[in-house]
Number of protein chains: 2
Amino acid sequence: MPDSPPSLDPVQLGTYFDLIEVTSLLRHAVEQQLRESGGLSYVQFQLLARLGDAPTGSHRMTDLADGVVYSRSGLTYQVGLLEKEGLVVRAPSPDDERSITVTLTDAGRELLAKVLPGHVEVVGGLLFAPLSPDDVRTLAGLLRPVRDHMRATPPRSAVSRRRKGGA
Amino acid sequence: MPDSPPSLDPVQLGTYFDLIEVTSLLRHAVEQQLRESGGLSYVQFQLLARLGDAPTGSHRMTDLADGVVYSRSGLTYQVGLLEKEGLVVRAPSPDDERSITVTLTDAGRELLAKVLPGHVEVVGGLLFAPLSPDDVRTLAGLLRPVRDHMRATPPRSAVSRRRKGGA
DNA sequence: ATCAGTTACTTCGAATTCGAAGCAACTTGG
DNA sequence: CCAAGTTGCTTCGAATTCGAAGTAACTGAT
């Protein structure tokens, strides 16, 4: 691959910074709304949303962690909190004894429904307000390949727990 | 304002999710590179980068916190770490006795220079690899107005420390 | 069936993060 | 000048976050 320029041009750099800034601000605003309206952190909301999206309303721990880009141990902690609130249930997986299946409860679904409108409103007001429908389509068309590329690219140290000493 | 639809259409929703996912993955990869190559966290890198960009190589604490979207107390902590490493210096501001001016040291500038190429490489390889130069320009054109809009929109509770009780 | 290697999850300790509260320095109106 | 209000930063405590290490379950080869 001969075209990996060693340095970013100014447009790229500015775009990168704007991207980071935009999502930081968005996250911040959303986080506040979620805490006020439902006592949820952003990760917790993401988890509930993912479970709500799933046809079965459930996912394995690992898939959840990968989905929201979170550490395994952090996920254990967060799911523990959600379970204590009665929003999800943990159960061993039928086919794989090691796996834990996390499932959304009715209470979880309710809370999700209660929180979603406000969430959507914040996102709409901050992120989409300055964008036309065409803009949004364009943006979607740009982000999707990036997302796929990132998901496909193995993390720089794709080591299997042993052999950590890079070289 | 008659056009704030109460709900996001599927394209918007997908775009929003992709945006979050893309930046989460990017951040993760970048964080790892920074830690390995220079022992810096992402915030720390952002701070050094911002100081490096400034004509004077310095900024007030508050401006730094706002710039990187970080809490004041968190910034105090991080700048403390950077100072302990000799990467920045804190000095009271001449005109305003309350303000602290944070300035990049030579060591800080060196470390920044040492870390930047790898950083840029990761960002290029993950974020920009699937995008043509035209795509990047388009993306920049979309993000800029969003950024400006977000910066202009006051946080939902623009209260002045007192009168927190919302109603 | 047994052993080595891998995968799924949890526990643990250390580091980071935030908001609330506190303190000092500015500003404004009298 | 003085009091009330605001702004800039730090300290404090509680909650979250991660990676390393540990345990249990699966896989494949012999």
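First the proteins, then the strands, lettered A, B, ... as listed; each starts at 1. Bear in mind that the values here come from a model prediction, so they are computed numbers and not experimental data. The figures that follow rest on heavy atoms only: side chains count, while hydrogens, waters and symmetry mates do not.
B:L75 and B:M61 get closest at one heavy-atom pair: CD2-O, 3.0 Å. For the pair A:Q12 and B:F128, the tightest heavy-atom approach, listed with the atom from each and the gap, is O-CZ, 3.2 Å.
Considering A:V136, A:L139, A:D18 as possible partners of B:L142, the one that fulfils the side chain to side chain contact (heavy atoms under 4.5 Å, CB included) test is A:L139.
Between the A:D135 side chain and the A:S132 main chain, a donor and an acceptor come within less than 3.5 Å of each other. B:T76 places a side-chain N or O within 3.5 Å of a backbone atom of B:R72 that can act as its donor or acceptor partner. Between the side chain of B:H59 and the backbone N or O of B:A65, no donor-acceptor pair lies under 3.5 Å.
The closest side-chain heavy-atom distance from A:L64 to A:L51 is below 4.5 Å.
For DNA chain C, no neighbouring residue in residues 18-26 of chain B is found when judged by any heavy atom under 4.0 Å. Listed by residue number, the members of residues 73-92 of chain A with any heavy atom below 4.0 angstrom from DNA chain C are A:S73, A:T76, A:R90.
For A:D134, the CG atom counts as densely surrounded, since its 6.0 Å shell holds more than 12 non-hydrogen atoms of other residues, nucleotides or ligands.
Computed from coordinates, the B:R27 CZ to C:dT16 C1' distance equals 13 Å when rounded to whole Å. B:H59 has its NE2 atom 13 Å from the P atom of D:dC9, to the nearest Å. What separates OH of A:Y42 from P of D:dT16 is a distance of 18 Å, to the nearest Å. As a whole-Å value, the separation of B:D63 CG from D:dT7 P is 14 Å. Spacing between atom CZ of B:R60 and atom C1' of D:dG8 amounts to 8 Å, rounded to whole angstrom units. Counting to the nearest Å, the P atom of C:dT6 and the CD atom of A:E97 are 23 Å from each other. Counting to the nearest Å, the C1' atom of D:dT27 and the CG atom of A:D95 are 15 Å from each other. The nearest whole Å value for the distance from the CD atom in A:E36 to the P atom in C:dG19 is 11 Å.
Considering only the side chain of A:Y70, D:dC18 comes nearest among D:dC26, C:dC9, D:dC18. Across C:dA24, C:dT17, D:dC9, the shortest atom-to-atom separation from the side chain of B:R98 is found for C:dA24.
The 5' end of DNA chain D is approached more closely, in terms of each residue's nearest nucleotide, by B:D96 than by the other of B:R35 and B:D96.
Here B:R72 does not reach the OP1 or OP2 of C:dC18: none of its side-chain N or O atoms lies under 4.0 Å away.
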Worksheet item: Would A:H28 and B:Y70 satisfy side-chain hydrogen bond (donor to acceptor under 3.5 Å, both in side chains), going step by step from the backbone distance to the final call?
Response: CA-CA 9 Å; A:H28 221 74; B:Y70 218 65; over 6 Å; no

